[in-house]
Number of protein chains: 2
Amino acid sequence: MARNVEFNEEEAIQKAMEVFWEKGYNGTSLRDLTDAMKINSSSLYNTIGDKSELYLRCITHYTDLRKKDLQQRMSSKKPAFEILVEYINDAIKVITDGRNGCMAIKAAFEVGANNKKVKAILKNDSEYADQFLTSLIKKAMDEGHLSDEEDPKLIADYFISTWTGWYESYIIHKDADKIRKMGQYFIRQISK
Amino acid sequence: MARNVEFNEEEAIQKAMEVFWEKGYNGTSLRDLTDAMKINSSSLYNTIGDKSELYLRCITHYTDLRKKDLQQRMSSKKPAFEILVEYINDAIKVITDGRNGCMAIKAAFEVGANNKKVKAILKNDSEYADQFLTSLIKKAMDEGHLSDEEDPKLIADYFISTWTGWYESYIIHKDADKIRKMGQYFIRQISK
DNA sequence: AGTTTTTTGAAACAATCATTTCAGAATTAC
DNA sequence: GTAATTCTGAAATGATTGTTTCAAAAAACT
């Protein structure tokens with residue numbers, strides 16, 4: 001009957017995500033997007049939709065990638081405490097790699113407050129990470145590697161918050177050592 | 001010889017700041033600004049300059065306000081630990097008041113990474129807060145109200161980071177109780 | 001191969017963007 | 001009061017914004 005879409009949608013979303021990630025929603029023009037995606041705007045509007053719909057697809061893609069990472073970590077057979085420390089150290093590495101920071105955090109501050117759909121995606125993402133951490137912390141307590149004085153959920157919430165601040169700190173100070181020290185402090189605190 | 005500027009520059013900056021605070025740099029148009037400031041764009045360009053210069057004036061104004069608040073707190077005669085706890089609780093109140101969040105944090109994530117001048121202002125602001133907290137924590141340790149096992153500077157850095165995350169958490173979850181619990185946890189941790 | 005349906009590319013769209021222009025109003029100094 | 005100077009308001013600037021249009025090209029089906 002008819003023709004198929006020529007471009008690879010997932011690749012295009014990936015490219016668009018990278019642009020939004022760097023420049024933010026309002027800082028990105030449609031030309032920026034179509035240039036990166038290597039498609040014409042008519043194709044974009046024909047398949048994905050307008051700028052805001054594309055943006056939603058992009059943060060969804062971003063949070064999906066993160067979800068997959070967490071799932072992989074959960075399937076590990078190592079002691080929970082080890083997985084936890086590894087996760088924290090990897091988080092620090094990502095921050096101090098000096099890339100574009102975390103797209104979800106940037107989105108939260110730029111559009112999250114005024115956009116229900118974006119907020120819902122971010123909330124979902126945050127809750128998934130929260131569950132991952134909570135169950136990990138709980139397991140580490142059961143295995144005797146972590147003090148069980150505090151509520152695992154509270155510590156999970158707390159880590160996620162702290163982690164966000166590390167991104168801001170690194171943007172402003174570019175001091176990787178500062179982040180590492182805070183990471184060590186956090187692990188020290190939850191251990192005792 | 002000639003005429004004077006008709007509008008009150010400080011009031012105009014204040015109004016512009018509120019708009020930038022809510023909508024961000026890229027989300028704010030020049031019409032938004034001149035409407036709020038109640039001046040013509042020609043007057044704006046004649047006195048303050050273009051959009052980016054106005055923005056710099058606005059975050060400077062914002063950080064100046066914060067500086068004044070810290071100076072007031074420092075002049076208090078109360079025990080350092082008390083000032084510290086008060087500061088933390090006030091911070092939590094501001095967050096859970098549900099306004100526009102913190103302009104400095106929003107600025108850091110939206111433009112800080114790509115704008116040297118903005119970054120410099122934010123760095124200055126952050127260092128001032130850091131010094132305030134560090135000296136306060138140190139004093140509280142000397143006064144025997146705080147464990148002196150850890151480096152005061154580290155705890156100060158750590159609090160600033162955590163605090164940033166509380167803003168994000170509140171944007172996404174609007175859960176004031178969650179923030180309060182994290183605040184209590186923080187105070188508990190540094191006390192023992 | 002021919003018909004049908006859909007995608008694509010380039011151009012056009014009105015709206016809005018930040019910024020500038022300039023004549024006239026306003027104010028100061030003499 | 002007059003002259004000099006600067007500020008203000010409204011309009012115009014060209015560039016860029018997100019989005020749409022439409023003819024031609026491309027594929028899938030019979």
Side-chain angles (χ1 to χ4, degrees), chain A residues 1-61 106-107 110-111 114-118, chain B residues 1-61 106-107 110-111 114-118:
Chain A
M1 298 258 276
R3 206 174 155 185
N4 289 335
V5 181
E6 212 172 61
F7 69 97
N8 182 324
E9 198 166 304
E10 212 194 309
E11 278 176 26
I13 294 283
Q14 171 76 29
K15 287 291 173 193
M17 182 193 75
E18 289 166 12
V19 181
F20 275 133
W21 191 344
E22 190 200 334
K23 304 193 172 187
Y25 181 77
N26 289 308
T28 301
S29 75
L30 233 102
R31 269 176 184 74
D32 290 337
L33 293 164
T34 50
D35 283 356
M37 300 165 85
K38 280 167 191 161
I39 62 169
N40 192 276
S41 59
S42 72
S43 299
L44 173 62
Y45 278 81
N46 238 15
T47 52
I48 296 166
D50 64 10
K51 189 185 173 187
S52 63
E53 286 181 88
L54 175 59
Y55 186 71
L56 290 175
R57 291 283 300 273
C58 288
I59 18 172
T60 304
H61 181 59
K106 287 177 105 174
E110 193 198 349
V111 295
N114 304 313
N115 186 310
K116 281 191 174 189
K117 288 184 184 175
V118 171
Chain B
M1 299 258 276
R3 209 173 154 185
N4 288 335
V5 180
E6 212 172 61
F7 68 97
N8 182 324
E9 198 165 304
E10 212 192 312
E11 278 177 25
I13 294 283
Q14 172 75 30
K15 287 291 173 195
M17 182 193 73
E18 288 166 13
V19 182
F20 274 134
W21 191 344
E22 190 200 334
K23 304 191 171 189
Y25 180 78
N26 289 308
T28 302
S29 76
L30 231 96
R31 264 186 184 72
D32 292 336
L33 292 164
T34 50
D35 283 356
M37 299 164 86
K38 281 167 188 159
I39 61 169
N40 192 277
S41 58
S42 72
S43 298
L44 172 62
Y45 278 82
N46 239 13
T47 52
I48 297 166
D50 64 10
K51 189 184 173 187
S52 64
E53 284 182 87
L54 175 59
Y55 186 71
L56 290 176
R57 291 284 299 273
C58 288
I59 17 174
T60 303
H61 181 60
K106 286 177 107 174
E110 192 197 350
V111 294
N114 305 313
N115 186 310
K116 280 192 174 188
K117 287 184 184 175
V118 171

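Reminder, nothing fancy here: chain letters follow the sequence lines and each chain counts from 1.
Following rounding to the nearest Å, B/D32 (CG) and C/dC17 (P) show an atom-to-atom distance of 7 Å. Rounded to an integer number of Å, the gap from B/I48 CD1 to D/dC7 P is 13 Å. Distance, B/K38 NZ to D/dT8 P: 16 Å, rounded to whole Å. In this entry the distance linking CD of B/E53 with C1' of C/dA18 reads 13 Å, nearest Å. The nearest whole Å value for the distance from the CE atom in B/M37 to the P atom in D/dC7 is 15 Å. Distance CG (B/L33) to P (C/dC17): 11 Å, rounded to an integer number of Å. To the nearest angstrom, C1' of D/dA10 lies 16 Å from CG of B/L44. Regarding A/N8, its CG atom lies at a distance of 16 Å from the C1' atom of C/dT7, rounded to whole Å.
Within the nucleic acid shown, A/T28 comes within 4.0 Å of sugar-phosphate atoms alone, with no base atom in reach, counting heavy atoms only.
Side chain of B/E110 to backbone of A/G24: no donor-acceptor contact under 3.5 angstrom is found. With hydrogens and angles disregarded, a donor-acceptor distance shorter than 3.5 Å links the side chain of A/K106 to the backbone of A/W21.
Contact record, A/I48 with A/E53: O-OE1, 3.8 Å, taken as the closest heavy-atom pair. Nearest heavy-atom pair, B/I13 versus B/C58, reported as atom, atom and distance to 0.1 Å: O-SG, 3.8 Å.
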Tabulate atom names and distances for all N/O pairs under 3.5 angstrom spanning the protein and nucleotides 19-21 of chain C.
unit_1: C/dT19; atom_1: OP2; unit_2: B/Y45; atom_2: OH; d: 2.3
unit_1: C/dT19; atom_1: OP2; unit_2: B/K51; atom_2: N; d: 3.1
unit_1: C/dT19; atom_1: O5'; unit_2: B/Y45; atom_2: OH; d: 2.8
unit_1: C/dT20; atom_1: O4; unit_2: B/S41; atom_2: OG; d: 3.1

Show your working on side chain to side chain contact (heavy atoms under 4.5 Å, CB included) between B/I39 and B/T47 and close with a plain yes or no. CA-CA 11 Å; B/I39 61 169; B/T47 52; 5.6 Å; no
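In DNA chain C, the stems built from three or more successive Watson-Crick or G-U pairs (distances below 3.5 Å) are C:1-12 with D:19-30, C:14-17 with D:14-17, C:19-30 with D:1-12.
Both tests pass for A/K51 against the ring of A/Y25: distance under 6.0 Å to the centre and angle within 45° of the axis.
Contact between the side-chain N/O atoms of B/S29 and the OP1/OP2 oxygens of C/dC17 is found at a separation under 4.0 Å.
For the 3.5 Å distance criterion, the side chains of A/E18 and A/Q14 qualify, holding a donor opposite an acceptor.
Note: A/M37 CE to A/M17 CE = 12.0 Å, rounded to the nearest 0.5 Å.
Legend: salt bridge (charged side-chain N to carboxylate O under 4.0 Å, His left out) pairs involving residues 23-34 of chain A, not counting sequence neighbours, sorted by first then second residue: A/K23-A/D32.
Nearer to the 5' terminus of DNA chain D, by closest-nucleotide assignment, is the contact made by B/N46 (compared with the other of B/R31 and B/N46).
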